[in-house]
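A short worksheet on the structure shown next.
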Number of protein chains: 2
Amino acid sequence: MLIRIDPSSSEPLFAQLAAAVRGAAARGELRAGERLPGARELADSLGVNLHTVLRGYQQLRDEGLVELRRGRGAVLTEQATNGLAGLRQAVADVVTQARRLGMTDNDLIDLIRTEFR
Amino acid sequence: MLIRIDPSSSEPLFAQLAAAVRGAAARGELRAGERLPGARELADSLGVNLHTVLRGYQQLRDEGLVELRRGRGAVLTEQATNGLAGLRQAVADVVTQARRLGMTDNDLIDLIRTEFR
DNA sequence: ATATTGTTCTAGCTCTACTAGAACAAGTTC
DNA sequence: GAACTTGTTCTAGTAGAGCTAGAACAATAT
C-alpha cells in the first residue's frame with residue numbers, strides 16, 4: 001500500500017494518514033485481515049514521529065476500521081473493506097462541503113431526504 | 001441576516017463566520033450588492049474581537065464572495081449567490097452509493113450525524 | 001469637515017499538532 | 001520459557017494557529 005503525506009497541508013498529518021488508509025480500503029487496495037505497516041516502521045518511512053502515526057491508527061480504530069493489538073499491529077476490519085468506508089469518505093466530503101456553506105446537520109439531512117425520494 | 005457562532009467548536013471563529021455568510025448567500029438569504037454589518041459592530045454583537053471578524057471577511061474576499069472597501073464595508077458579489085449546485089451533486093452521489101449498499105435514508109442520516117460531530 | 005470603516009502593526013495568551021525519549025504491557029515467534 | 005515485536009502510556013519541549021487587545025492610519029461616505 002502506498003501512503004503519501006503532505007507536510008505543508010493544513011490538514012493534520014495524522015488525519016491525512018487516516019484518510020489515506022480509509023481511501024485505500026474503500027478502493028479495494030486493502031483487504032479485511034490485512035496488516036498495516038507497524039507504527040515505528042511507517043513513521044520512519046514517512047519521516048514523521050511514531051506518535052503521529054499512532055494517532056492516525058487510533059482514529060481509524062475509533063471509526064472501527066482497524067483493530068490494534070500489541071505484538072500484532074493494525075489489522076483491517078471487515079467494515080473497512082465492505083464499501084462502508086467508501087461511503088464514509090464520501091459522506092465526510094459532503095459534510096465538509098456543507099459546513100463550508102454554513103449548513104447545520106439538519107439542513108443537510110433535509111437535502112438528503114429530498115434526494116432519496 | 002442572522003449570524004451565529006459556537007465558541008466551543010473546534011472550527012475557528014473566523015471560519016464559522018465566513019461559513020455563515022457563505023451559507024446565507026447560498027440559501028438566498030443575501031443578495032448580490034447587499035452590505036454585511038460593519039466589522040466593529042458585528043464583533044460587538046457576536047462578542048468576538050474586531051480582528052476575528054475582519055479575518056473572516058478577508059477570507060470571503062479571498063474567495064471572491066465579498067468586496068471590502070473602507071468607509072463602505074463588505075458588499076456581496078454575484079459569485080456569492082451560486083453555492084448550492086456543487087453540494088447538490090455531491091449529495092446525489094452519496095445517496096446513489098448508499099442505495100447500492102442497501103441503506104435506507106435513516107441509515108445514511110445516522111452516518112451524517114456521526115460525521116457532523 | 002467629520003464620521004465611518006477597513007488596513008496595518010505590535011504584543012501576548014492559549015491550545016493543537018508534532019516531536020522526542022523512556023518505560024511498560026500484551027502478544028508473537030522460536 | 002526466552003526473546004522479540006508492537007501498541008500503550010507518560011512526561012516534556014517546540015512551533016504555529018487562532019484569538020484577543022490597543023493603537024495609529026487611509027480611503028470612502030455623508
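Values in this document were obtained by computation on a predicted structure and should not be read as measured data.
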### Message
Please report the distance, rounded to the nearest Å, between CD in E41(B) and C1' in dA3(C).
### Response
15 Å
### Message
Test your reading of the model: is there a side-chain donor-acceptor pair from D107(A) to the backbone of T104(A), 3.5 Å cut-off?
### Response
yes
### Query
Could you give the CZ-to-P distance, from R40(A) to dA22(C), as a whole number of Å?
13 Å
### Message
Looking at R72(A), is its backbone amide N or carbonyl O close enough to the side chain of R35(A) to form a donor-acceptor pair, meaning the two atoms are under 3.5 Å apart?
### Response
yes
### Query
For E78(A), does the CD atom have more than 12 heavy-atom neighbours from other residues, nucleotides or ligands under 6.0 Å away?
no
Taking distance alone, no hydrogens or angles, what donor-acceptor pairs closer than 3.5 Å link side-chain atoms of residues 11-21 of chain B to residues at least two apart or in another chain?
{"unit_1": "Q16(B)", "atom_1": "OE1", "unit_2": "D6(B)", "atom_2": "N", "d": "2.7"}
{"unit_1": "Q16(B)", "atom_1": "NE2", "unit_2": "D6(B)", "atom_2": "O", "d": "2.9"}
{"unit_1": "Q16(B)", "atom_1": "NE2", "unit_2": "E11(B)", "atom_2": "O", "d": "2.8"}

### Task
With axes from five pairs an end, tell me the bend angle of the helix from dA1(C)-dT30(D) to dC30(C)-dG1(D), nearest 10°.
40°
### Message
Would you say that more than 12 heavy atoms from the other residues, nucleotides or ligands in this model lie under 6.0 Å from the CZ of R99(B), or not?
### Response
yes
### Task
Take atom CD1 of I5(B) and atom C1' of dG18(D), then tell me their distance rounded to the nearest Å.
13 Å
### Query
So which of residues 50-58 of chain A are in contact with DNA chain C, with a heavy-atom cut-off of under 4.0 Å?
H51(A), T52(A), R55(A)
### Task
Under the side-chain contact (heavy atoms from CB on, under 4.5 Å) rule, what do E34(A) and V75(A) come out as? Steps first, then yes or no, please.
CA-CA 6 Å; E34(A) 216 168 317; V75(A) 180; over 6 Å; no
Show me the side-chain donor-acceptor pairs of residues 50-57 of chain A shorter than 3.5 Å, one per line, residues at least two apart or across chains.
{"unit_1": "Y57(A)", "atom_1": "OH", "unit_2": "P37(A)", "atom_2": "O", "d": "2.6"}

#### Entry: Value in whole Å for how far the P atom of dG6(C) lies from CG of N49(B)
14 Å
### Query
Between I3(A) and L46(A), what is the shortest heavy-atom contact and its length?
O-CD2, 3.5 Å
### Message
Taking R31(A)'s backbone N and O only, do any of them form a donor-acceptor pair with T81(A)'s side chain (distance below 3.5 Å, no angle check)?
### Response
no
### Spacing of CD belonging to Q97(B) relative to CZ belonging to R88(A), to within rounding of 0.5 Å
12.5 Å
### Spacing of Q59(B) atom CD relative to dT7(C) atom C1', expressed in whole Å
18 Å
## Note on the structure
The answer to which of V48(B) and G38(A) contacts DNA chain D further toward the 5' end, by nearest nucleotide, is G38(A)
### Query
Starting at CG of D44(B) and ending at C1' of dA21(D), how long is that distance when rounded to a whole Å?
13 Å
### Query
Of all heavy-atom pairs between A80(A) and A25(A), which one has the smallest distance, and what is that distance?
O-CB, 3.3 Å
### Side-chain heavy atoms of Q59(A) within contact of L65(A), under 4.5 Å
no
### Query
By a strict heavy-atom criterion of less than 4.0 Å, which residues belonging to residues 11-19 of chain B are in contact with DNA chain C?
none
### Message
On a heavy-atom basis, which atom in T77(A) and which in G64(A) lie closest, and how many Å separate them?
### Response
OG1-O, 2.8 Å
Please list, for nucleotides 27-30 of chain D, all pairs of protein and nucleotide N/O atoms separated by less than 3.5 Å.
{"unit_1": "dA27(D)", "atom_1": "O4'", "unit_2": "R70(B)", "atom_2": "NE", "d": "3.2"}
{"unit_1": "dT28(D)", "atom_1": "O4'", "unit_2": "R70(B)", "atom_2": "O", "d": "3.0"}

